[in-house]
Engineer: 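Please read through the structure below; I'll follow up with questions.
Positions are given from 1, in the same order as the sequence printed here.
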Amino acid sequence: MRSFYTYLLLYISMILLLFCTSTKGYSDLEVLLKLKSSMIGPKASGLDDWEFSSSPSAHCHFSGVKCNEDHRVVALNVSFAPLYGTISPEIGLLNKLVNLTISKVELTGNIPTDMRNLTSLKTFNISNNYFRGSFPGEILTGMTQLEILDAYNNNFTGLLPVELANLKHLKHLSFGGNYFTGEVPDKYSDIQSLEFLGLNANDLTGKIPAFLGRLKNLKSLFLGYSNAFHGGIPPEFGSLTQLKSLDMASCNLTGEVPESLGNLKRLRTLFLQLNSLTGRIPSQLAGLTSLKALDLSLNELTGEIPESFSALQNISMIILFKNKLHGSIPSYVGDLPQLAVLKLWENNFMGELPENLGRNGKLCNLDVSSNYLTGSIPLDLCKGGTLQELILMDNFFFGPLSEKLGNCKSLTKIRIKKNNLNGTIPAGIFNLPSLSFVELDDNFFAGELPPRMSGDSLEMLKISNNLISGEIPPAIGNLRSLQVLELARNKLSGEIPPSISRCTSLTSIDFSQNSLSGEIPKGINKLEHLSNLNVSRNRLTGEIPAEIENMTSLATLDVSDNNLIGRVPCAGQFLFFDDSSFSGNPNLCPPNDSHCPARGSSHGHAPCFAASKLIITTIMLIILEGN
């Protein structure tokens, strides 16, 4: 009998453990199942293993769930699965939760105020969802142990919650990527434990609060993008000596860059781009000896690049484009051992590029376009085999391109149009495996195009307005990815190679103002995506290929000023081209010219005026019949 009562008590204990482990009579298992029911929206899937079981610890084996020794849920991590639902109020019953992470699962709705009962919570991550409404600050009052609050990239509105000021252990606060309005609460300066503060990409206004300079443990501060602060950068930020990242880009800043920022010895990234900052770049920023990335672009800064910046031995990215800077590019720039990205376009820089630029073997992106630079292009830009983008257009560079560029297999983009460059184009450029964009227009390049071309990635080739001679090589047909081909205003001769029809991705061809002869290739109609074809002002002969009438994507055709003969086709796509497309061909007949000789084929088109007459007659009969 005693044995029977022993087993009975054990059974009752198990039942109580299963059904009474949380308040209000719900077990953690039941709470999780209610959560699943609310979080799984229409067309969603996931949490398949969250199923009812009589086992008191079954829920502890659910995906994303961790329990303590009493089978209470202490961690819930549901991420990266599109659920589309909401969070049910019952989540507040999981009062032993320490870690709650529900990230990137496309949940919506409001945050339940019942979450105020999660008093053991240390990590609260609901980032990358669609939660809306005001963030309920009252849920935070009892979360005195909270260390991480991440609500990044949701749809929260209203004011920032002031209740955060009481969280003495909070280290990470991210409210970026929402629609919060108003000013940053003064009380945020009381969160002395903060190491990460992200308020970027909201609709905040007012001045950037100087009191944030009192957060002595802060390592990352993000305030930029979409916020509309007024005033400048608080000089007090120079007291944030632990700071490693400072991002105040695109938030309506005015005034000068404070010299005090030079005190931030641990700072690695400084992003102040897309504001209205004025004045000179402070030479004191040379004190940022840990700095790796500097972006001051799209401001109204004046003066020169400080000579003191030679001390920035760890910097890998300098971005200063679209300012009003002038002077020369300091020679020490080529000596910076980690420099990989240098973007100085649309300023007023003069002089030459440093001769040693690229010799550090790290350079991957160089853009100094739209300045007043001159001299030759440095020879060692691709010394380390890392150069990807070379953009030097709209300057006054002269001399030849180094043959070394033709061996730079890392290159993806070359844009050096509108300079005074000469010599031959390095043949290797047309065979680089990753090169997609070549723009050499408006220079003085001469010589012939190479007979070998195999650049599989090349999408845009623009060499117009140079002195290129010889024939268009048949190898042009090997450039299967080519979309734009512009060789206009050169001294090219010979025929248009039929192999051009193999470049089936082409959308635009411009061979105008050369000395090309022969006929327009009949296979041109294989270019099904072609929208622009300009072969005007050449010496082309023969008839216009009738196959062009089937090229429904062709929006612009210009064959003017050649020696074409026969009748202009009048069907299909030709109905959309006006007379100017065909002018300047003395032996080319208008479509309705009854005296024009028939086309060479015995099955040539009948005169178009007969077809037009038939169409008009048919239309008149329909109108008369309708009356």
Side-chain angles (χ1 to χ4, degrees), residues 219-222 224 233 235 237-249 253 256-275 277 279-299 301-345 347-349 351-368 371 373 378 380-381 383-384 386-389:
K219 296 179 180 179
S220 299
L221 179 57
F222 296 88
I233 304 168
F237 282 11
S239 300
L240 299 171
T241 53
Q242 300 300 313
L243 208 60
K244 294 182 178 180
S245 298
L246 178 56
D247 190 340
M248 292 186 285
L253 295 175
E256 299 186 358
V257 179
E259 297 177 358
S260 60
L261 294 185
N263 298 327
L264 307 180
K265 306 296 183 183
R266 291 181 171 84
L267 198 68
R268 295 177 181 175
T269 58
L270 177 57
F271 295 152
L272 304 176
Q273 70 269 22
L274 202 61
N275 283 295
L277 297 171
R280 294 175 174 267
I281 301 173
S283 59
Q284 290 82 356
L285 294 187
L288 305 176
T289 50
S290 299
L291 197 66
K292 294 184 176 181
L294 173 66
D295 193 342
L296 304 177
S297 62
L298 292 154
N299 279 288
L301 298 171
T302 55
E304 302 183 14
I305 299 175
E307 286 292 332
S308 60
F309 275 22
S310 60
L312 302 179
Q313 293 293 295
N314 291 302
I315 200 159
S316 63
M317 185 178 80
I318 299 177
I319 301 181
L320 305 175
F321 64 80
K322 294 205 77 167
N323 278 286
K324 300 177 181 178
L325 300 170
H326 63 265
S328 61
I329 299 173
S331 58
Y332 68 76
V333 169
D335 294 322
L336 295 173
Q338 305 300 324
L339 188 64
V341 177
L342 181 62
K343 295 186 177 184
L344 307 177
W345 51 275
N347 279 285
N348 299 305
F349 290 115
E352 301 185 6
L353 287 175
E355 183 182 1
N356 55 352
L357 192 60
R359 288 183 188 169
N360 66 354
K362 302 284 182 66
L363 192 65
C364 67
N365 192 312
L366 175 62
D367 189 343
V368 295
N371 281 286
L373 297 168
D380 297 318
L381 295 178
K383 182 178 179 180
T386 58
L387 187 65
Q388 297 177 15
E389 296 188 3

Engineer: Can you see which heavy atom on Ile281 is nearest to which on Leu301, and at what distance?
Structural biologist: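 Between these two residues, the closest heavy atoms are CG1-CD1, 4.1 Å.
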
Engineer: Roughly how far apart are Lys244 NZ and Ser220 OG, rounded to 0.5 Å?
Structural biologist: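 It is 8.0 Å, given to the nearest 0.5 Å.
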
Engineer: Is the shortest heavy-atom distance from the side chain of Leu298 to the side chain of Asn275 under 4.5 Å?
Structural biologist: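 No, too far: nothing below the 4.5 Å cut-off.
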
Engineer: Could you grab the distance from atom CD of Glu256 to atom OG1 of Thr302, nearest 0.5 Å is fine?
Structural biologist: 8.0 Å

Engineer: So, does Asn299 use its side chain to make a donor-acceptor pair with the main chain of Leu272 at under 3.5 Å?
Structural biologist: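 Yes; judged by distance alone, with no hydrogens or angles, the pair exists.
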
Engineer: Within the side chain of Asn263, is there an N or O that forms a donor-acceptor pair under 3.5 Å with the backbone of Leu261?
Structural biologist: no

Engineer: Should the pair Asp380-Arg359 be classified as a salt bridge under the 4.0 Å nitrogen-to-oxygen rule?
Structural biologist: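 Result for this pair is yes, salt bridge flagged.
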
Engineer: Side chain of Asp367, backbone of Leu344: donor and acceptor closer than 3.5 Å?
Structural biologist: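 Here the side-chain-to-backbone pair does not exist.
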
Engineer: Shortest non-hydrogen contact from Ala286 to Phe309?
Structural biologist: N-CE1, 3.9 Å

Engineer: Specify the closest pair of heavy atoms between Lys343 and Asn365, including all atoms of both residues, with the distance to one decimal.
Structural biologist: CE-OD1, 3.5 Å

Engineer: Is the backbone N or O of Phe349 less than 3.5 Å from a side-chain atom of Asn371, with the two atoms forming a donor-acceptor pair by type?
Structural biologist: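 Here the side-chain-to-backbone pair exists.
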
Engineer: How about Met248 and Phe222: do any of their side-chain heavy atoms sit closer than 4.5 Å?
Structural biologist: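 Not in contact.
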
Engineer: Using every non-hydrogen atom in the two residues, find where Pro258 and Pro235 come nearest and quote the distance to one decimal.
Structural biologist: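 Distance-wise, the nearest heavy atoms are CB-CA, 4.1 Å.
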
Engineer: Please check this pair: side chain of Thr386 against backbone of Leu363, looking for a donor-acceptor N/O pair closer than 3.5 Å.
Structural biologist: yes

Engineer: Return yes if some donor-acceptor pair links the side-chain N/O of Asn314 with the main-chain N/O of Ser316 below 3.5 Å, else return no.
Structural biologist: no

Engineer: For Asp335, is there any backbone N or O sitting under 3.5 Å from a side-chain donor or acceptor partner on Asn360?
Structural biologist: no

Engineer: Could you grab the distance from atom OG of Ser297 to atom CG of Leu274, nearest 0.5 Å is fine?
Structural biologist: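 Answer for the OG-CG pair, Ser297 versus Leu274, is 7.5 Å.
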
Engineer: Can you check whether His326's main-chain N or O pairs, donor with acceptor, with Asn348's side chain at less than 3.5 Å?
Structural biologist: no

Engineer: Rounded at 0.5 Å granularity, tell me how far CZ in Arg266 sits from OG1 in Thr241.
Structural biologist: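 Arg266 CZ to Thr241 OG1: 6.5 Å, rounded to 0.5 Å.
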
Engineer: Ignoring hydrogens and angles, tell me if any N or O in the side chain of Ser308 forms a donor-acceptor pair with the backbone of Ser283 under 3.5 Å.
Structural biologist: yes

Engineer: Does a sphere of radius 6.0 Å around CD in Gln338 hold more than 12 heavy atoms from other residues, nucleotides or ligands, not counting ones at 6.0 Å or beyond?
Structural biologist: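 For Gln338, atom CD is crowded (more than 12 foreign heavy atoms under 6.0 Å).
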
Engineer: So do the side chains of Leu267 and Leu246 get within less than 4.5 Å of each other, counting heavy atoms only?
Structural biologist: yes

Engineer: Counting C-beta onward and ignoring hydrogens, is there a side-chain heavy-atom pair between Val341 and Leu339 closer than 4.5 Å?
Structural biologist: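 They are not in side-chain contact.
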
Engineer: Roughly how far, to the nearest 0.5 Å, is the CD atom of Gln273 from the CD1 atom of Ile319?
Structural biologist: 7.5 Å

